[in-house]
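Written out below as structure tokens is the structure these notes cover.
We number each residue from 1, following the sequence as shown.
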Amino acid sequence: MKPFTLLYYILSVVLYLVALPLLVYLSFKQKYKESIPARFFLFKNPSFNSEDGIWFHVCSLGEAKALKPILELVPDRDIKITTVTHTGQVEAKKYDADVRYLPYEMLLPFWMKKQKLLVVLEAEFWYMLFAVAGARGAKVVLLNARISDKSVKKYLQFAWFYKKLLSNVEVIYAQSEVDKNRFLALGAKNIEVIGNIKLAGKITKTKEYEKPLKECIVAGSTHEGEEESILKSFVEYKKQVDAKLIVVPRHPERFESVYSLMKNYADKNSLTLSRFSEAQNFETDLILVDAMGELNNMYAISDIAIVGGAFREDVGGHNPLEPAFFGCKIITGKHFHDQKELFKYVHHVQYVESDEIHKALLATKDLPVSMVEEKINLEPVVNKILEV
């Protein structure tokens with residue numbers, strides 16, 4: 001083991017021991033009861049058996065979804081997938097693949113067996129993952145690689161570290177020229193710009209619901225604090241337009257707190273409220289979708305989509321391709337830095353602050369639907385990866 005790698009490994013052990021009480025505590029929480037035991041204690045998380053095929057590593061739901069068009073181009077390969085989050089794990093298990101949680105860095109030298117090819121999506125930069133994979137004979141490829149506006153300053157401050165990390169990478173397929181230049185500034189080599197692979201994804205709905213007769217607004221992938229602003233704006237909007245609001249929180253563990261918030265607004269403003277899990281219809285003024293996998297189905301019956309995650313600077317936005325595909329008029333926040341490359345391809349979007357949502361809703365009557373004007377061909381990219 002190289003001196004720096006040894007030093008980094010020792011630091012990872014120290015951090016693990018310091019965080020151990022918190023990890024044990026969090027492992028009893030619903031959100032982490034599967035991921036933390038698997039990642040930090042290797043509970044029900046054995047190594048991959050096969051050395052052949054392709055190992056993909058993704059973080060969460062969005063990246064796991066982005067794998068679909070890639071996997072369709074390698075149907076006869078032995079596919080392995082690791083994820084960090086539970087939502088990513090659930091999505092990854094929909095594929096014909098061997099799926100695991102990625103263990104914490106300290107555990108990787110004991111867990112990881114020899115592999116031929118590791119493809120890492122977006123910004124999952126783990127030093128021990130790259131170092132151990134390289135030491136075990138795997139060629140490491142970064143796909144859909146990006147460095148966000150929010151993170152670039154931090155990366156440049158530690159450029160010496162990322163130069164060491166990226167030295168284990170064979171090739172980087174970046175989302176944009178901006179990302180390429182940022183990787184070059186970190187000392188990376190062999191970088192090619194291919195665009196965002198999420199443009200290649202096939203967007204579908206899983207169920208058919210009858211579209212409500214009233215104007216339908218869906219607040220999709222919302223985070224804490226965003227629902228309050230959206231509900232407040234909707235109450236004002238409803239005084240002028242007969243509409244209904246469907247709320248789809250990003251994280252399932254927030255269903256109860258969001259329902260309480262919606263009930264408070266319903267009671268104060270004489271609005272009707274329902275939970276989608278109890279009555280799969282859209283008869284009330286407010287509907288909480290407290291079920292997974294329904295967001296695209298909601299976009300498909302909506303006129304306006306308020307895309308969450310961009311009204312908070314610490315989140316960075318969510319995928320606008322799905323509501324655009326279903327012909328929604330899109331409203332989102334101004335903090336969409338993690339989805340900048342995707343929003344570049346979506347036209348007729350209103351970018352507003354949280355206190356401007358009501359004004360944006362009123363403006364939708366004079367605006368065309370949002371639309372996507374570009375696609376990406378992944379086949380040549382996948383062929384290059386297989387040649388690495």
Side-chain angles (χ1 to χ4, degrees), residues 8 12 34-36 38-40 42 44-71 73-74 77-148 151 162 165-175 179 183 188 194 196-198 201 338 378 381-382 384-386 388:
Y8 184 93
S12 74
E34 184 180 287
S35 60
I36 284 183
R39 295 194 63 220
F40 292 91
L42 299 183
K44 293 183 179 180
N45 195 26
S47 305
F48 292 123
N49 293 321
S50 171
E51 296 179 9
D52 297 321
I54 310 172
W55 171 13
F56 291 93
H57 173 62
V58 302
C59 178
S60 56
L61 179 64
E63 294 81 31
K65 281 185 174 181
L67 280 179
K68 187 172 183 179
I70 300 172
L71 299 184
L73 294 173
V74 287
R77 297 278 177 157
D78 177 20
I79 302 299
K80 290 154 280 195
I81 304 173
T82 50
T83 75
V84 172
T85 69
H86 176 66
T87 53
Q89 187 82 181
V90 171
E91 187 67 24
K93 286 182 176 178
K94 295 178 182 178
Y95 303 126
D96 182 16
D98 199 0
V99 181
R100 304 280 191 274
Y101 280 101
L102 182 73
Y104 173 64
E105 291 187 280
M106 179 190 81
L107 303 171
L108 284 173
F110 309 102
W111 182 86
M112 192 187 302
K113 294 180 181 178
K114 185 177 180 180
Q115 298 292 327
K116 290 185 178 179
L117 178 61
L118 169 61
V119 180
V120 178
L121 267 69
E122 300 212 359
E124 281 293 281
F125 306 147
W126 300 100
Y127 180 83
M128 290 303 298
L129 173 63
F130 292 1
V132 177
R136 300 282 160 85
K139 292 185 176 180
V140 181
V141 174
L142 299 189
L143 180 61
N144 218 37
R146 63 178 174 85
I147 297 175
S148 70
S151 304
Y162 287 101
L165 182 149
L166 294 169
S167 68
N168 294 295
V169 177
E170 194 84 13
V171 61
I172 298 174
Y173 293 107
Q175 291 187 14
D179 292 304
F183 279 111
I194 64 165
N196 196 312
I197 67 169
K198 290 179 181 177
D338 281 355
L378 278 179
V381 178
V382 173
K384 287 181 182 180
I385 292 173
L386 297 178
V388 171

Partner set under salt bridge (charged side-chain N to carboxylate O under 4.0 Å, His left out) for Lys116, not counting sequence neighbours
Asp52
Nearest non-hydrogen partners of Asn45 and Pro103, listed with the distance:
ND2-CG, 3.9 Å
What residues, two or more places apart in sequence or in another chain, satisfy salt bridge (charged side-chain N to carboxylate O under 4.0 Å, His left out) together with Lys93?
none
Are Val120 and Phe130 close enough that some pair of their side-chain heavy atoms sits under 4.5 Å apart?
yes
Would you please name every residue forming a side chain to side chain donor-acceptor pair (under 3.5 Å) with Arg39, sequence neighbours left out?
none
Over 60° means perpendicular and under 30° means parallel, so tell me whether Tyr162 and Phe125 are parallel, tilted or perpendicular.
perpendicular
Could you list the residues that satisfy side chain to side chain donor-acceptor pair (under 3.5 Å) with Glu122, not counting sequence neighbours?
Asn144, Arg146, Lys198
Please identify which of these residues, Leu386, Leu71, Leu117, meets the side-chain contact (heavy atoms from CB on, under 4.5 Å) condition with Arg77.
Leu386
State, yes or no, whether a side-chain contact exists between Phe110 and Leu42 at a heavy-atom distance under 4.5 Å.
no
Determine the minimum heavy-atom distance between Thr83 and Thr85, stating which atoms define it.
OG1-O, 3.3 Å
Heavy-atom pair with the smallest gap, counting every atom of Tyr95 and Ala64:
OH-O, 2.6 Å
Set of residues satisfying side chain to side chain contact (heavy atoms under 4.5 Å, CB included) with respect to Lys80, sequence neighbours excluded:
Phe48, Ser50, Trp55, Asp78, Asp98, Gln115
Those residues at least two apart in sequence (or on a different chain) that pass side chain to side chain donor-acceptor pair (under 3.5 Å) with Glu34 are His86, Tyr101
Identify the heavy atoms of Asp179 and Ala174 that sit nearest to each other, and give their distance.
CB-CB, 4.1 Å
